[in-house]
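The structure under discussion appears below in the form of structure tokens.
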Amino acid sequence: MEHNIPKPPTAIKEEILSKYPPKVARKRNKSIVIRDPEDEQKIQANVRTIPGIITQRGCAYAGCKGVVLGPTRDIINITHGPIGCGFYSWLTRRNQTKPEGAEGENYMTYCFSTDMQDSNIVFGGEKKLREAIQEAYDLFKPKAISVFSTCPVGLIGDDVHAIAKEMKKKLGINVFAFSCEGYKGVSQSAGHHIANNGLFKHVVGLDDTVREGDFKINMLGEYNIGGDAFELERILELAGFTLISTFSGNSDMGRFANSHTADLNVIMCHRSINYMAEMMETKFGIPWLKVNFTGAKATAKSLRKMAQYFGDKKLINRVEKLIRNEMAAVNKVLSETRPRCEGKLAMLFVGGSRAHHYQELFNELGMKTVCAGYEFGHRDDYEGRDVLPDIKIDADSRNIEELFVEKDEKRYRPRKTSEEILELKKKGLEIGEYNGLMAEMSKQSLVVDDITHYETEKLIEFYKPHIFCAGIKEKYVVQKMGVPLKQLHSYDYGGPYAGFRGAINFYQEIDRMVNTRIWDLITPPWEKNGAEITAEFVSL
Amino acid sequence: MLLRHTPSEIKERNALTINPAKTCQPIGAMYAALGIHGCLPHSHGSQGCCAYHRSTLTRHFKEPVMAATSSFTEGASVFGGQANLLQAINNMFTVYTPEVIAVHTTCLSETIGDDINQIIRKAYEDGKVPEGKHVIHCNTPSYVGSHVTGYANMVAGMVKYFSESTGRYRDQINIIPGWIEPSDMREIKRIAKEMGVKIILFPDTSDVLDAPQKGKHMFYPEGGVTIPDLRSTGDSKLTIALGPFGTESAAALLDTKCKVKYELLDLPIGISATDRFISGLSRAACVEVPVSITAERGRAVDIITDMQQYFYNKKVALFGDPDQLMALTEFLVDLEMKPIHIISGTPGKQFVPRIRNILKDKVPNANVRNGANADLFLLHQLIKNEPVDLLVGNTYGKYIARDEDIPFVRMGFPILDRIGHSYFPTVGYSGAMRLLETILSALMDRQDRDAPEESFELVM
């Protein structure tokens with residue numbers, strides 16, 4: 001099927017750049033790439049957002065507290081700062097969780113803050129933080145408390161780590177802190193890294209209990225938006241894998257503490273969690289596989305890769321049987337929805353992995369992604385991990401702590417010998433690899449990192465896509481232009497979209513969105529048919 | 001239970017806020033700035049602030065919320081944000097061509113001590129501000145006050161930068177609304193028109209945050225108070241300021257700066273507060289209250305007299321912003337309801353005495369708290385100790401309402417899970433009618449749900 005792809009985006013790129021002041025144009029030029037798969041293309045990413053440009057991006061605090069730690073139910077997360085940061089990250093990310101029974105711990109519906117006042121800024125907020133931790137402990141007796149620093153905390157020099165240490169000793173529970181001030185790094189991404197470090201340092205490996213079960217895995221970078229993790233838990237169980245922990249959808253602290261006992265880490269969102277996978281590999285000898293459970297075919301492929309890694313005949317058969325069963329339902333819905341969606345165009349500007357993964361779902365529907373990019377991806381998320389040695393560490397990355405991790409003398413246990421790994425790689429299993437978004441994008445499609453509002457509007461005018469995927473800030477802007485916007489952070493309060501059932505949900509959702517007649521209501525009849533009415537009167 | 005760890009035993013907290021009944025200043029400044037026509041709000045701080053504020057406002061209004069940020073990095077946090085702001089101003093005027101850039105600060109830039117006056121001066125000196133365009137600002141340290149304070153500060157900023165006294169008298173009244181919805185601002189303009197009074201309403205977010213779907217995105221929607229109108233506020237006859245927390249600082253500044261006197265009233269929510277607003281406006285403009293307005297009032301009162309049995313002595317818990325709560329409490333007392341728990345996270349000394357005064361005959365022992373640690377955790381505990389028949393507040397109240405099985409009416413900011421607030425007013429007599437309808441529906445739906453089959457009523 002021929003896609004209705006407009007002319008190459010060369011002229012529109014020039015037009016966009018010509019609007020900017022020269023310095024801005026020079027910088028944006030490097031973040032806008034017209035795809036040519038034959039060329040080894042570089043894209044500028046993970047660099048400072050230009051002030052005043054209107055960006056999608058958020059901050060390190062959002063990435064640390066909101067994204068990575070937010071979905072864990074049995075920890076009290078105290079935001080140390082003025083009230084806003086805690087307030088805005090309170091229940092707004094749709095991380096679903098199922099506590100154990102009616103009494104099971106779940107603090108995710110609560111927002112805890114030190115609500116710093118001007119006196120705390122002047123005289124320091126350490127005393128208030130210490131007291132807040134004590135009050136949280138007295139009220140709830142949780143097993144863990146963590147502290148998230150907001151911008152002013154770093155500036156006034158509150159030593160959150162020392163206080164956490166002191167309170168840990170005093171209360172006898174796990175207390176730890178994150179220096180995730182909003183100005184760290186250049187986007188949420190810095191916060192992910194800080195969160196990975198904190199969890200690795202303070203939680204992972206605390207519990208050596210070996211749980212029963214075969215084919216033990218951790219699922220990394222899956223945050224249970226709209227119940228994605230529930231669907232994946234269902235699939236993994238049916239396939240015969242034992243899920244030790246998820247970082248961090250539907251998670252609890254006990255699972256994190258025990259996660260080093262797994263035999264494989266599978267990574268969904270490479271950007272937010274690859275640090276954890278690497279550190280666990282170095283310290284405990286657990287290899288990792290990049291997977292993608294977004295899209296039915298992608299899910300099947302990922303399950304096969306995981307089965308291939310373990311190499312167990314029974315597991316492989318079980319996975320194949322599961323795929324056969326699930327695909328029957330998937331194909332039924334796909335055969336209904338695909339004819340109505342085929343050939344339509346999509347644009348995706350979201351996250352650090354979703355702009356890549358969701359292309360799979362659109363492919364399955366026969367839709368073409370003409371233009372895509374990340375909000376906070378790095379070059380390796382675009383160009384693949386081969387580019388890592390090439391990435392220069394700039395001042396903004398340097399201020400994010402890089403943990404020095406070594407083999408754990410007692411607990412390091414290589415799950416596969418290097419020969420086995422080599423053998424698997426020869427057979428095509430890409431262990432520890434990720435090829436990035438650009439590999440997915442076809443010739444003359446457009447890749448844009450950290451897209452600005454201006455670019456968004458211009459590119460929508462240019463491509464006239466049938467659907468645009470981004471977040472809440474873009475939602476109504478794009479819809480005012482008459483183009484449906486699918487939120488891929490919050491899923492527009494729907495989902496799940498992961499796994500097989502998720503794919504079915506997504507096909508039906510996109511079918512609804514690109515084929516609905518509601519957009520025809522926009523123009524009133526007297527503006528639409530004005531000429532005709534006049535003509536009718538004339539003919540009378 | 002969603003809030004399963006909340007115990008009924010209340011212990012005083014000094015340091016830990018749990019489930020706040022307020023948020024921070026900058027979002028209020030951003031909201032107010034959107035009420036100027038052709039204005040691009042600008043957040044001077046880390047880009048997360050701007051992202052959070054835009055997201056929350058967007059979820060509340062289901063409308064585009066355009067704003068830019070200085071995108072502080074660690075470097076800017078150490079060396080100050082001047083370079084970022086200057087660059088931002090240049091980029092905004094070049095790419096997005098606003099009439100006005102309204103800068104508000106954040107806890108970050110305030111802690112560093114960036115001098116925005118000086119940076120704006122430099123922007124003008126460096127030729128970054130095109131002829132006829134404007135950059136205004138207000139300081140909104142997040143560690144002082146609340147979102148309401150930020151709103152008030154930006155409104156005062158409008159006066160500071162624009163209001164001028166030319167000596168030419170204008171037969172017009174300034175109306176400064178506290179933090180209310182675009183629907184409410186539209187309603188205030190309708191009432192003034194109905195009364196034949198020329199007003200300048202500022203800020204005015206109607207036709208900005210309730211913009212029609214036209215198949216085209218208007219970066220600067222049609223609404224918002226214009227710069228000439230803002231300038232002219234200095235020549236007006238009088239200012240009517242609606243809600244002390246959101247408006248008094250601006251009204252007082254206009255008095256000091258341009259000698260325009262002001263009358264400070266409550267937000268016109270409910271019968272009594274609307275009566276005072278209508279009387280005040282009629283007095284100020286020397287116009288009679290038209291028959292049509294009196295008829296509106298009569299219709300609202302008619303609902304109350306007809307349905308009084310459903311309101312009488314029902315216990316209510318309220319939380320939200322002080323200007324709304326003061327007017328709403330009075331309204332509920334007018335309905336002979338009993339507001340027994342009232343919580344606002346926004347600090348301010350006049351709140352508790354004022355509410356106590358309203359409640360002195362009806363509920364002398366009401367629990368009234370605002371400021372530090374007056375949060376939804378406390379409210380929930382109060383409700384556990386003395387249950388209520390109705391809960392009124394923003395969307396976060398739904399967790400308490402579900403756990404305790406209480407009828408819930410959404411009012412305030414933010415409302416993230418329903419529409420209506422931005423389209424249908426709660427101010428004026430027609431706003432009172434809407435409130436009466438929503439409160440009655442909540443109470444009567446509950447009666448229907450809980451009635452045993454034998455006493456399930458057809459006519460109510």
Side-chain angles (χ1 to χ4, degrees), chain A residues 19-21 24 48-55 57-59 61-62 81-84 86-88 102 106-107 109-118 120-121 128 131-132 135-136 139-140 151-152 155-156 182-184 186 395-396 399 453-454 457 472-473 475-477 480-482 522-523, chain B residues 1-5 13-20 22-24 26-27 45-49 51-52 54-56 58-59 62-64 66 68-77 84-85 87-92 94-96 107-108 111-112 141-144 213-217 372 399:
Chain A
K19 176 86 172 178
Y20 291 134
V24 175
R48 292 179 186 178
T49 298
I50 301 159
I53 209 75
I54 306 192
T55 173
R57 282 178 172 175
C59 66
Y61 167 86
I83 199 65
F87 181 85
Y88 303 115
N106 179 18
Y107 302 107
T109 47
Y110 294 83
C111 164
F112 303 94
S113 171
T114 55
D115 186 14
M116 284 172 95
Q117 299 297 304
D118 42 358
N120 307 128
I121 301 291
K128 193 169 194 186
E131 222 178 320
E135 286 176 358
L139 268 168
F140 304 105
C151 292
L155 292 180
I156 63 175
Y183 55 75
K184 291 264 172 84
V186 300
D396 299 307
N399 64 34
H453 171 79
Y454 176 70
E457 289 218 12
I472 185 68
K473 300 191 294 299
K475 169 97 184 167
Y476 304 103
V477 179
K480 278 279 196 284
M481 299 174 84
I522 292 175
T523 312
Chain B
M1 300 289 249
L2 290 160
L3 299 167
R4 55 181 63 187
H5 302 292
R13 283 168 280 131
N14 292 316
L16 186 67
T17 292
I18 312 174
N19 303 348
K22 67 167 178 186
T23 181
C24 66
I27 195 170
S46 298
Q47 65 206 6
C49 310
Y52 274 144
R54 290 181 64 204
S55 297
T56 306
T58 305
R59 290 181 184 121
K62 313 258 182 273
E63 285 293 318
M66 287 298 145
T69 162
S70 291
S71 293
F72 273 51
T73 56
E74 186 145 324
S77 306
N84 290 50
L85 185 51
Q87 198 194 358
I89 289 172
N90 187 38
N91 287 336
M92 283 185 275
T94 309
V95 183
Y96 299 109
C107 47
L108 175 54
T111 305
I112 302 166
S142 319
Y143 41 76
V144 174
Q213 172 61 284
K214 292 176 170 175
K216 192 172 128 197
H217 174 233
Y399 289 78

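The chains referred to below are lettered A, B, ... by the order of the sequence lines, with proteins before strands, and numbering in each begins at 1. Everything numeric here is computed off the predicted structure, so don't read it as measured data.
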Side chain to side chain, Thr111(B) and Cys151(A), heavy atoms closer than 4.5 Å | no
Nearest-0.5 Å distance, CD1 of residue Ile472(A) to OG1 of residue Thr56(B) | 9.5 Å
Sorted by chain and residue number, the ring-ring contact (aromatic ring centres under 6.0 Å, His included) partners of Tyr52(B) (sequence neighbours excluded) come out as Tyr88(A)
Top residue by heavy-atom pair count (under 4.5 Å) with chain B, among Gly81(A), Ser113(A), Gly84(A), Gly482(A)?
-> Ser113(A)
Residue from Ile156(A), Asn106(A), Asp396(A) scoring the most non-hydrogen pairs under 4.5 Å with chain B is Asn106(A)
Can you find a heavy atom in the side chain of Tyr183(A) that is under 4.5 Å from one in the side chain of Thr73(B)?
-> no
Looking only at Lys184(A), His453(A), Arg48(A), most heavy-atom pairs under 4.5 Å shared with chain B are made by His453(A)
Are Lys480(A) and Gln213(B) close enough, and set up right, to give a side chain to side chain contact (heavy atoms under 4.5 Å, CB included), and what steps lead you there?
-> CA-CA 6 Å; Lys480(A) 278 279 196 284; Gln213(B) 172 61 284; 4.2 Å; yes
Name the region of Asp118(A), side chain, backbone, both or neither, that has any atom closer than 4.5 Å to a heavy atom of chain B.
-> both
Given side chain to side chain contact (heavy atoms under 4.5 Å, CB included), test Ile27(B) with Phe87(A) step by step and report yes or no.
-> CA-CA 12 Å; Ile27(B) 195 170; Phe87(A) 181 85; over 6 Å; no
Output yes when a side-chain donor or acceptor of Glu131(A) lies under 3.5 Å from a complementary backbone atom of Arg13(B), and no otherwise.
-> no
Which portion of Ala136(A) sits near chain B, non-hydrogen atoms under 4.5 angstrom | both
Part of Pro20(B) lying under 4.5 Å from any heavy atom of chain A | both
Could you check Thr94(B) against Tyr20(A) for side chain to side chain contact (heavy atoms under 4.5 Å, CB included), going step by step and ending with a plain yes or no?
-> CA-CA 7 Å; Thr94(B) 309; Tyr20(A) 291 134; over 6 Å; no
Most contact-rich option vs chain B, by heavy-atom pairs under 4.5 angstrom, among Gly58(A), Gly182(A), Cys111(A), is Cys111(A)
Calculate, to the nearest 0.5 Å, the distance between atoms CD and OG1 belonging to Gln47(B) and Thr49(A) respectively.
-> 4.0 Å
Side chain, backbone, both or neither: which part of Met92(B) has a heavy atom under 4.5 Å from chain A?
-> both
Sort Thr69(B) into side chain, backbone, both or neither according to what part of it lies under 4.5 angstrom from a heavy atom of chain A.
-> both
Glu135(A) meets the salt bridge (charged side-chain N to carboxylate O under 4.0 Å, His left out) criterion, sequence neighbours left out, with none
Tyr454(A) versus chain B, the contacting section by heavy-atom distance below 4.5 Å = both
Okay, side chain of Thr109(A), backbone of Leu2(B): is any donor-acceptor separation there less than 3.5 Å?
-> yes
Backbone of His5(B) reached by a side-chain donor or acceptor of Tyr110(A) within 3.5 Å = yes
In terms of heavy-atom proximity below 4.5 Å to chain B, should Arg57(A) be classed as side chain, backbone, both, or neither?
-> both
For Ile121(A), is it the side chain, the backbone, both, or neither that has a heavy atom closer than 4.5 Å to a heavy atom of chain B?
-> side chain
Without swapping roles, check the side chain of Asn91(B) against the backbone of Pro21(A) for a donor-acceptor pair under 3.5 Å.
-> no
Against chain B, label Val24(A) side chain, backbone, both or neither, depending on which of its atoms sit under 4.5 Å from a heavy atom there.
-> side chain
Given a strict heavy-atom distance threshold of 4.5 Å, which part of Lys62(B) is in contact with chain A: side chain, backbone, both, or neither?
-> both
Can you tell which of Pro51(A), Gly52(A), Cys59(A) has the highest number of heavy-atom pairs within less than 4.5 Å of chain B?
-> Pro51(A)
Arg59(B) backbone acceptor or donor facing Tyr476(A) side chain under 3.5 Å = no
